[in-house]
Amino acid sequence: MTGFTMTIDGRSADAPGTFGVINPATGAVAEQAPDASREQLDQAMAAAQAALPGWRGDEQARRKALLAAADLMFAKAEEIGRILTLEQGKPLGDATMEVVGAGVWLKYFADLELPREVIQDDDAAFVEVVRRPMGVVAAITPWNYPLLLAIWKLAPALLAGNTMVLKPSPYTPLSSLKLGEVLRDVLPPGVLNVVTGGDELGAWMTAHEVPRKISFTGSVATGKRVAAAAAPDLKRLTLELGGNDPAILLDDADPAAVADRLFGAAFQNNGQVCSAIKRVYVPESLYGDVVDALAAKARSAKVGDGLAEGVQYGPINNRPQFERVSELVAEALAGGARAAAGGKPIDGPGYFFEPTILADVADGSRIVDEEQFGPALPIVKYADLDEAVARANGTHFGLSGSVWSADADRAAEVAGRLECGTAWVNTHLALAPHQPFGGFKWSGVGVENGPWGLYGFTELQVIHRSRR
């Protein structure tokens, strides 16, 4: 029996079966989560469909509900944060801030304008372009930021007048189940339904006849399957599919001055961030100093159970990802790379891996060419800036990137040459609710956040009133 229940039509819902949720700090099952049946998914979709007319008809009620939801996130940040740490592994302070961030995003969208654009007003006609809700949204979220990324979808979708069926990753279902439970008090029945289960449940959702929009965050491979499943019904899509973000240091960068920010942007959430720095390109003249500075940061980092005092970095979230990071690092070392810091798993229970800085590694190595999504950072040497930019762009990914220099204008010019959705100068991972977030190439379709993210949950409608 599980202490967590799904939310269907505003009510608590158990499932015929359950599945184990592993605490990545121990590798042992910590809790059971409901395993939704096909019939329960149908019930959730029907509830969302039935709630649509009332929900989309009262914009002020929607705004009021989102503000109330934000207040609940602030009030319950530590309670939900502990659940998040248990299932995801991140330190409690980071987990609590994720819940607070969810409240910040909800407040932003509660106040965001839904524009009506007048495109003609003359003797012939009065013509407006308005934005209408799409209908039911199927939202599928990942395990690295399960609560915040659910809110990235929920807040704009609900503001626009849509209703939602949410499925979190089976690795981190508990915080989303708690979200559904908490929001039952402020959202009308059927507006938000939360169901949990494995990959089969996700496949049912994407092919289901009810949703008009699918918003998915996850891997490229799964994103392609989602798009294929949505195509026969011409469902609208937003896909955020990860990245292999480059950071390029120019020859006037100060290694000591940028090391803290580079390390923080690479190892935030133990490297399990789609837009984290995944590879660093460094000019030959600075290479040794940069490797040494980053290695010192890695050796001083405190890794452990996210509920322990003073821990900066928790475990990798799940065994398959732990094995992938272990394999990529071992393969790089076998191919001639040098571990300037770390380089191996940490002995003991749980999915802990040493914060790792890899030197003497180059493009062509899988740790450089692929998204490692973990606490291992390759540092790549370059001799020519144009070559470094070409190498940074020479990938299927295009989520974000950054350029670092004492001359911000020069860095901005180089940043403009990166083929990615966000190009930062002298920073990285500077995300905000008003700033669009999306990727080029295989990193995604559409954007989240800001008015652009809101528009992604709407259809344009022209209202043309003749005056003749």
Side-chain angles (χ1 to χ4, degrees), residues 242-267 271 275-298 328-329 331-333 335-341 356-372 376-430 439-443:
N244 189 7
D245 288 17
I248 301 176
L249 273 63
L250 303 190
D251 55 12
D252 61 352
D254 180 350
V258 303
D260 272 342
R261 285 174 289 162
L262 284 172
F263 188 84
F267 287 84
S275 53
I277 295 173
K278 306 288 180 18
R279 49 200 168 120
V280 182
Y281 291 89
V282 182
E284 293 175 343
S285 60
L286 302 179
Y287 189 77
D289 290 341
V290 169
V291 169
D292 290 346
L294 290 173
K297 301 294 179 189
L328 289 175
V329 171
E331 184 179 296
L333 294 174
R338 171 173 61 91
T356 296
I357 302 297
L358 293 175
D360 304 330
V361 64
D363 297 80
S365 170
R366 288 178 64 209
I367 194 74
V368 178
D369 292 356
E370 300 179 15
E371 182 183 27
Q372 67 274 44
L377 181 66
I379 316 299
V380 183
K381 186 184 301 182
Y382 76 84
D384 176 80
L385 178 58
D386 289 339
E387 174 200 2
V389 172
R391 288 157 66 187
N393 288 335
T395 171
H396 286 302
F397 292 104
L399 189 57
S400 50
S402 56
V403 181
W404 303 73
S405 170
D407 183 341
D409 290 338
R410 181 181 174 220
E413 186 277 326
V414 176
R417 295 163 59 191
L418 294 179
E419 297 170 357
C420 58
T422 303
W424 286 291
V425 171
N426 290 331
T427 190
H428 201 106
L429 281 182
F440 292 8
K441 298 185 276 189
W442 284 11
S443 283

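As a basis for the values below, the full set of heavy atoms in this structure was taken, side chains included, without hydrogen atoms, waters or symmetry mates. Because the structure is predicted, anything quoted here is derived from the model rather than measured.
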Note, D245 side chain near S402 side chain (heavy atom, < 4.5 Å)
no

Donor-acceptor pair, side chain of N393 and main chain of L418, under 3.5 angstrom:
no

Contact between I367 and E331 at the side-chain level, heavy atoms closer than 4.5 Å - yes or no?
no

Under the 3.5 angstrom rule, does the side chain of S443 hit a backbone N or O of G398 as a donor-acceptor pair?
yes

Side chain proximity check, L429 to S275, heavy atoms < 4.5 angstrom:
yes

Looking at Y382 and V389, would you say the former's side chain and the latter's main chain have a donor-acceptor pair under 3.5 Å?
no

Quick one: does F267's side chain get under 4.5 Å of I357's, heavy atoms only?
yes

So which atom in A341 and which in A298 form the shortest heavy-atom distance, rounded to 0.1 Å?
CB-CB, 3.7 Å

Across all chains, not counting sequence neighbours, the side chain to side chain donor-acceptor pair (under 3.5 Å) partners of D292 are none

Quick one, R261 with T427, criterion side-chain contact (heavy atoms from CB on, under 4.5 Å). Give me CA distance, side-chain angles, the key distance, then yes/no.
CA-CA 7 Å; R261 285 174 289 162; T427 190; 5.6 Å; no

How far apart are the C-alpha atoms of R279 and N244, what are their side-chain angles, what is the distance that settles it, and do they pass the side-chain contact (heavy atoms from CB on, under 4.5 Å) test?
CA-CA 7 Å; R279 49 200 168 120; N244 189 7; 3.5 Å; yes

When the ring planes of W424 and H428 are compared, do they come out parallel, tilted or perpendicular, using 30° and 60° as the limits?
tilted

Return the minimal non-hydrogen interatomic distance between S400 and P246, and the atom names on each side.
O-CD, 3.4 Å

Taking every non-hydrogen atom, the tightest pair across A411 and V425
CB-CG1, 3.7 Å

Contacts table for residues 284-291: side-chain donor-acceptor under 3.5 angstrom, sequence neighbours left out:
{"unit_1": "Y287", "atom_1": "OH", "unit_2": "D360", "atom_2": "N", "d": "2.9"}
{"unit_1": "Y287", "atom_1": "OH", "unit_2": "I379", "atom_2": "O", "d": "2.6"}

After noting the C-alpha distance and the side-chain angles of F397 and K278, does the key distance pass the side-chain contact (heavy atoms from CB on, under 4.5 Å) rule?
CA-CA 11 Å; F397 292 104; K278 306 288 180 18; over 6 Å; no

Report yes if the side chains of V368 and Y281 come closer than 4.5 Å at any heavy-atom pair, otherwise no.
yes

Could you pull out the closest heavy-atom pair between A392 and I248, with the gap in Å?
CB-CD1, 4.0 Å

Among pairs that include at least one residue of residues 391-414, which meet salt bridge (charged side-chain N to carboxylate O under 4.0 Å, His left out), considering only residues two or more places apart or in two chains?
D251-R410, D252-R410, D363-R391, E387-R391

Between V361 and P378, which heavy-atom pair has the shortest distance, and what is it?
CG1-CB, 3.6 Å

What residue among V280, L249, L250 forms side chain to side chain contact (heavy atoms under 4.5 Å, CB included) with W404?
L249

Here the gap from I277 atom CD1 to L377 atom CG, rounded to the nearest 0.5 Å, amounts to 7.5 Å

Rounding to 0.5 Å, atoms CG (L358) and CD (Q372) come to a distance of 9.0 Å

